[in-house]
There are 2 protein chains.
Amino acid sequence: MRIEKSVKCIDCPLKCDIYLTAREMGLEEMLEPVYIFYKKYESICRQGSKIKNATILIQGNAKMFVSGHCSRNIILNILIPSNYIGLTSVYGLPDYPYSVSALEDCHTCQIENEALEQIYLQNQHFMKLLNHAFGSSVAAIMNKLISLNQKQIRGRVAESLLYLSRLYDSNSFKLSITRRELGELSAISEENTVRALTELRNEEIIGIDGRNIVLKDTETLSRISMNC
Amino acid sequence: MRIEKSVKCIDCPLKCDIYLTAREMGLEEMLEPVYIFYKKYESICRQGSKIKNATILIQGNAKMFVSGHCSRNIILNILIPSNYIGLTSVYGLPDYPYSVSALEDCHTCQIENEALEQIYLQNQHFMKLLNHAFGSSVAAIMNKLISLNQKQIRGRVAESLLYLSRLYDSNSFKLSITRRELGELSAISEENTVRALTELRNEEIIGIDGRNIVLKDTETLSRISMNC
DNA sequence: TTGCGACATTGATATAGATCAACTTTTTTA
DNA sequence: TAAAAAAGTTGATCTATATCAATGTCGCAA
C-alpha cells in the first residue's frame with residue numbers, strides 16, 4: 001500500500017506553504033519528503049499515538065474525528081487537499097488529539113517534525129500561517145461545542161450541509177461520507193440524520209439523489225442552522 | 001471601578017512569564033502595564049469584541065464561557081491567578097472567541113497586544129510557553145466536546161468536580177460558582193446539577209455543605225466520570 | 001447472476017434530561 | 001434589621017433524540 005519517494009506528487013510543491021517557504025529559504029533539501037498513499041478506509045493517524053511527522057493531504061478526502069471511550073465518534077472536519085495533519089505537535093501536544101482516516105484513496109506527503117519545527121522557528125511568515133491555521137481550527141471547535149449543545153437536529157444537519165457546501169465551494173456536491181458519518185459530523189444518530197434530510201427535501205430546501213446533494217434554498221437553510 | 005497604574009500589584013512581576021521574559025530581554029519598559037480591577041460579576045471581556053490587549057489574571061477567580069445566540073452559556077474554564085486572557089490574537093483571531101467575567105473581585109494586569117506579539121516573536125522560550133498553553137487549551141476543549149456529547153449528567157458532574165479539585169489542588173474546596181454555573185460547566189440544567197450532586201452525596205462519594213465540597217471517594221468519582 | 005454485506009430508510013418505543021412549578025434557604029440591599 | 005433578590009432544592013411533566021426493529025436498495029465478489 002505504501003509507495004515511497006518514487007511516486008511523483010504533481011501539485012504538492014506548488015500548493016503547500018511549507019514547500020514554498022522551504023524553497024524560498026533554500027531549505028528544500030531539509031524536508032526529505034516521503035510520499036505515502038492510503039487506500040479508502042485506511043487510517044492515516046490514530047488518536048493518542050505519537051506524532052512523528054507532519055502530513056499534508058495532497059489528493060483525496062479524509063475525515064478528522066475524535067472518539068470517546070464509548071464507541072461513538074464525532075467528526076471534526078473533512079480534510080481536503082493541502083490540509084495539514086499533525087500540526088499540534090508544534091503546540092506542545094506530542095500525541096494526536098484526533099484520528100484521521102481516508103474517505104477515498106488519498107495521496108499524502110510527510111515530512112519530519114523537526115524539519116517542520118525548524119522552518120516554523122526560522123520563518124516568521126510561515127509561523128504566522130501555521131498559527132492562523134491553528135487559531136481558526138480552535139475557533140471552529142468552539143463553534144462546534146456550541147452547535148452540538150444548543151441546536152437541535154434540523155439545525156445541526158443544516159449546518160453540516162452548509163459546511164460541506166462551503167468546503168466544496170458549490171451548492172451542489174457529492175457527499176464523500178455516509179449518512180452515519182454525516183450524523184457523526186453533527187453528533188446525531190444515523191436514523192435521525194436521514195429523517196432530517198428527508199424533511200428538508202420534502203420542504204424543497206434541499207434536493208437529494210443518493211449521495212448527491214443540492215442546496216436549493218440556502219437562505220432558509222442558513223436560518224434553520226441559526227435556530228436553536 | 002477602575003484603578004490605573006498606581007495600584008501596586010504585588011506578585012504579578014514574579015509570577016507572569018511575560019514579565020520574567022521581558023525583564024530578561026531588557027524590554028520591561030515596553031510593556032507599559034495597566035492594572036485594572038474588576039468587581040465581582042463584572043465582565044472582563046466579551047465574546048466577539050476586538051482583542052486590544054493581553055490580560056493576566058493576578059488575583060481572584062473568573063469564568064471563561066461561550067454563549068450561543070440562544071441564552072444558555074457553556075463555561076469552558078475557571079481562570080485562576082496567572083492565567084492569560086486574549087492569547088488568541090497571537091493566533092490570528094482578532095476577536096475574543098469567548099467571554100470572561102469575574103466570579104469574585106479580580107485584579108488584572110493588561111499589556112498592549114503589540115508588546116505581547118513583539119516578545120512572542122523575539123523570544124523562542126516565551127513563544128513555546130504560549131504555544132503550549134494554547135495547545136493544551138485546545139486539547140481541553142476537544143475533551144469537553146466528547147464529554148458533553150457522550151457522558152451523561154452524573155459523569156459530567158463528576159468530571160466537573162474532579163476538574164475543580166485539580167484546579168484548586170485539593171479534595172476539599174469551596175465552590176467559586178453557583179449551582180447554575182456548575183451546570184454551565186457541564187452543560188446541564190441547574191436542576192439536574194443539584195440532583196446529581198444530591199445523589200453523589202447520598203452515595204457518600206462526596207460531601208456537601210453549601211458551597212463547600214469534599215471529594216470523599218475520588219476513586220469512584222473518577223470511575224463515574226469515565227462512564228458513558 | 002446471484003447472493004452477500006454495507007448503506008439507507010421508516011416506524012415504534014424508550015429514556016435522559018429539559019422545563020415548569022412550588023418551595024426553602026441564603027445573600028444582598030435599602 | 002426588614003424586605004427583596006438571588007441561590008438552592010425537590011417533584012411532576014414534557015420532549016427531543018436515541019435505540020430497536022424491520023425492510024429496502026445498491027454495489028460488488030464469487
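Per chain, numbering begins at 1; letters A, B, ... match sequence-line order.
Residue contacts shown for B:Ala196 are absent, as no nucleic acid heavy atom lies under 4.0 Å away.
Put simply, the side chain of B:Ser222 gets close to the backbone of B:Thr218: a donor and an acceptor are under 3.5 Å apart. A donor-acceptor contact shorter than 3.5 Å links the side chain of A:Ser189 to the backbone of A:Asn192.
A 6.0 Å sphere centred on NZ of A:Lys174 holds more than 12 heavy atoms belonging to other residues, nucleotides or ligands. Crowding of B:Arg201 atom CZ: a count of heavy atoms from other residues, nucleotides or ligands under 6.0 Å exceeding 12.
The NZ-P distance, from B:Lys151 to C:dA16, rounds to 18 Å in whole Å. To the nearest angstrom, P of D:dT9 lies 11 Å from CG of B:Leu182. Here the P atom of nucleotide D:dT10 and the CD1 atom of B:Ile208 are 9 Å apart, to the nearest Å. Atom C1' of nucleotide C:dG17 and atom CD of A:Gln152 are separated by 14 Å, given to the nearest angstrom. Straight-line distance from the CG atom of A:Leu197 to the P atom of C:dC7: 16 Å, rounded to whole Å. Between the CZ atom of B:Arg156 and the P atom of C:dA16 there is a distance of 13 Å, given to the nearest Å. B:Glu199 places its CD atom 12 Å from the P atom of D:dG11, with the value rounded to the nearest Å. Look at CG on B:Leu148: it is 18 Å from P on C:dA16, rounded to the nearest Å.
With C:dC7, D:dA16, C:dA18 as the choices, the nucleotide that has an atom nearest any side-chain atom of B:Asn192 turns out to be C:dA18. Which of C:dC20, D:dT17, C:dA16 sits closest to the side chain of A:Ile153 comes down to D:dT17. In this structure, of C:dG17, D:dA21, C:dC7, it is C:dC7 that holds the atom nearest to the side chain of A:Tyr41. The A:Arg179 side chain lies nearest to C:dA8 when the options are C:dA21, C:dA8, C:dT10. Proximity note for A:Ser189 (side chain, C-beta onward) versus D:dT19, C:dG17, D:dT10: the nearest is D:dT19. Nearest to the side chain of A:Arg211, among C:dC7, C:dG11, C:dC20, sits C:dC7. Closest to the side chain of A:Val194, out of D:dT10, D:dG8, C:dT10, is C:dT10.
Counting atom types as modelled, B:Arg195 pairs no side-chain N or O with a base atom of D:dG8 as donor and acceptor under 3.5 Å. Between the side chain of A:Glu190 and the base of C:dC7, no donor-acceptor pair of N or O atoms lies under 3.5 Å.
Neither side chain, A:Ser176 nor A:Glu104, offers a donor N or O lying under 3.5 Å from an acceptor on the other. In the model, B:Tyr91 has a side-chain atom that pairs as donor or acceptor with a side-chain atom of B:Asn131 under 3.5 Å. A side-chain donor from one of B:Ser160 and B:Ser186 sits under 3.5 Å from a side-chain acceptor of the other.
Between the axis at the start and the axis at the end of the helix from C:dT1-D:dA30 to C:dA30-D:dT1 there is an angle of 40°, using five pairs per end and rounding to 10 degrees.
Dashed line: the shortest gap from a side-chain N or O of A:Thr198 to OP1 or OP2 of C:dT10 is under 4.0 Å.
Under a 4.0 Å N-O distance rule, the pair B:Asp105/B:Lys39 does not qualify as a salt bridge.
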